[in-house]
Amino acid sequence: MISDDQMTALIETVRDVARVEILPHFRNLDALQIDSKSAPDDLVTIADRAAELAISKAVHSILPDAAIIGEEAVSSDKSVLARVKEPGLVVVIDPIDGTWNYANGIATYGVILAVIEDGQCIFGLLYDPSYDDWIMATKGEGAFFCRPDGTKRALQLAPPPDKLSDCFGFVGLYLFGKERQAQLAAALPSFRRSMTLRCSCHEYRMLAQGASQFCLNGMLNVWDHAAGVLIYQEAGGVARLLDGRNYDPVMRKGHLLTAASEPLWEELSELFGEA
């Protein structure tokens, strides 16, 4: 476990790094400060790299025995990802989640940090640099929306609408193969509204606050989901793969479905089916 002081230090680290390394570059990047990775829309910026280095350095001081997994470190060396299976503490960092939005001046981006102990996520943080507020959870202690003045509000999901046609959710079609995209697209008219924010941080924030009722995701990057799944479950949500397995941070393949209740999850899983 981590202490309250260590948890506070992690939060303050993310806030400080966002202020120094992320916000000054927002809407202030030139073309030479933006690169693509696996695809033309899979971007990384000078701010991603600087923020990950700064957060990693601070984590070494706060939790000296913890292994660290950063999205950009994995991009450079895939073997770093194996650390998530190591015993003890592992800190997972997504320095800027929603980099495409960030690089294009859209304020839907954030910082995600998760602490995993012996394979299970025990602390999750979804931070919004633009507004300096965050959603956090520690395992077994609930999820909270927090402001810098020290106020926090417990998050507990209300029952979702009775009808799918009244539900709003996230479906990132671009994360699935072309044939699967067509199958999923045919199901989208079942809902009141479906979309993607291209940012797991803010999708999980909206889910945890009850602003949307479900999300179907086709990629299981641990930096995208470990913190968000913990927070959503602590708020009362359901998170399982479409094949029925419970989400685990070590998972690499599968389709993750989150929903605001067990009956809604069952109905959605039947609608979407398993790939």
Side-chain angles (χ1 to χ4, degrees), residues 1-2 7 10 59 63 65-75 77-94 97 110-126 135-143 155 157 169-172 175-177 180 199-201 203-205 207-208 213-262 264-266 268-270 272-275:
M1 295 296 291
I2 61 175
M7 181 179 65
L10 291 173
V59 168
L63 298 169
D65 296 326
I68 297 175
I69 298 174
E71 179 185 3
E72 304 315 325
V74 173
S75 180
D77 180 2
K78 301 298 184 187
S79 68
V80 171
L81 195 54
R83 295 173 185 171
V84 75
K85 300 178 181 179
E86 294 180 2
L89 293 176
V90 180
V91 178
V92 181
I93 304 163
D94 191 342
D97 181 63
V111 183
I112 305 178
L113 185 144
V115 179
I116 296 170
E117 184 173 37
D118 298 330
Q120 297 298 313
C121 188
I122 60 169
F123 173 73
L125 175 69
L126 305 171
I135 292 178
M136 55 169 282
T138 51
K139 190 172 181 61
E141 298 184 14
L155 300 179
L157 296 179
F170 301 112
V171 182
L175 297 173
F176 295 83
R180 185 65 168 139
C199 178
S200 291
C201 180
E203 289 181 353
Y204 275 114
R205 281 172 63 110
L207 285 163
Q213 288 80 48
F214 70 91
C215 179
L216 178 64
N217 200 291
M219 190 173 291
L220 295 183
N221 293 325
V222 64
W223 48 84
D224 287 330
H225 299 295
V229 166
L230 172 66
I231 287 167
Y232 195 50
Q233 290 175 330
E234 289 292 322
V238 179
R240 291 200 299 272
L241 272 63
L242 274 180
D243 62 12
R245 291 177 294 162
N246 290 327
Y247 171 77
D248 189 303
V250 304
M251 290 177 169
R252 297 290 169 265
K253 295 182 179 180
H255 298 158
L256 177 61
L257 175 63
T258 52
S261 71
E262 183 65 37
L264 179 59
W265 191 96
E266 294 290 347
L268 289 168
S269 67
E270 183 175 350
F272 290 133
E274 177 54 274

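Each residue takes its place number in the sequence, starting with 1. Hydrogens, waters and symmetry mates are skipped; everything else that's a heavy atom, side chains included, is used. This one's a predicted model, so the numbers in the text were calculated from it and none came from an experiment.
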Problem set entry | CA sep, side-chain torsions, deciding dist, call: Leu230, Lys139, side chain to side chain contact (heavy atoms under 4.5 Å, CB included) | CA-CA 7 Å; Leu230 172 66; Lys139 190 172 181 61; 4.1 Å; yes
With no hydrogens and no angle check, is any side-chain donor or acceptor of [X] less than 3.5 Å from a backbone partner on [Y]?
X: His225; Y: Met219; value: yes
X: Asp118; Y: Gly88; value: yes
X: Tyr232; Y: Ala259; value: yes
X: Ser261; Y: Leu264; value: yes
X: Asp224; Y: Ser200; value: no
X: Arg240; Y: Val238; value: no
X: Glu234; Y: Ala143; value: no
X: Trp265; Y: Leu257; value: yes

Could you pull out the closest heavy-atom pair between [X] and [Y], with the gap in Å?
X: Val80; Y: Ile69; answer: O-CG1, 3.8 Å
X: Val171; Y: Phe272; answer: CG2-CZ, 4.3 Å
X: Cys121; Y: Ala114; answer: SG-CB, 4.0 Å
X: Ala67; Y: Glu86; answer: CB-OE1, 3.6 Å
X: Arg252; Y: Leu81; answer: NE-CD2, 3.2 Å
X: Ile122; Y: Met1; answer: CD1-CA, 4.0 Å

Gap separating the [atom1] atom of [X] from the [atom2] atom of [Y], nearest 0.5 angstrom:
X: Phe170; Y: Cys199; atom1: CZ; atom2: SG; value: 9.5 Å
X: Leu125; Y: Leu10; atom1: CG; atom2: CG; value: 8.5 Å
X: Arg205; Y: Ile112; atom1: CZ; atom2: CD1; value: 10.5 Å
X: Leu241; Y: Asn217; atom1: CG; atom2: CG; value: 10.0 Å
X: Leu220; Y: Lys253; atom1: CG; atom2: NZ; value: 11.0 Å

pair [X]-[Y]: side-chain heavy atoms closer than 4.5 Å:
X: Cys201; Y: Asp94; value: no
X: Met251; Y: Asp248; value: yes
X: Leu89; Y: Val115; value: yes
X: Tyr247; Y: Gln233; value: no
X: Val229; Y: Leu256; value: yes
X: Ile135; Y: Leu155; value: yes

Problem set entry | side-chain contact (heavy atoms from CB on, under 4.5 Å) partner of Leu216, the single match among Leu268, Thr258, Leu242 | Leu242
Exercise. Per the side-chain contact (heavy atoms from CB on, under 4.5 Å) rule, which among Val91, Leu113, Ile116, Ile231 passes with Phe123?
Worked result: Leu113
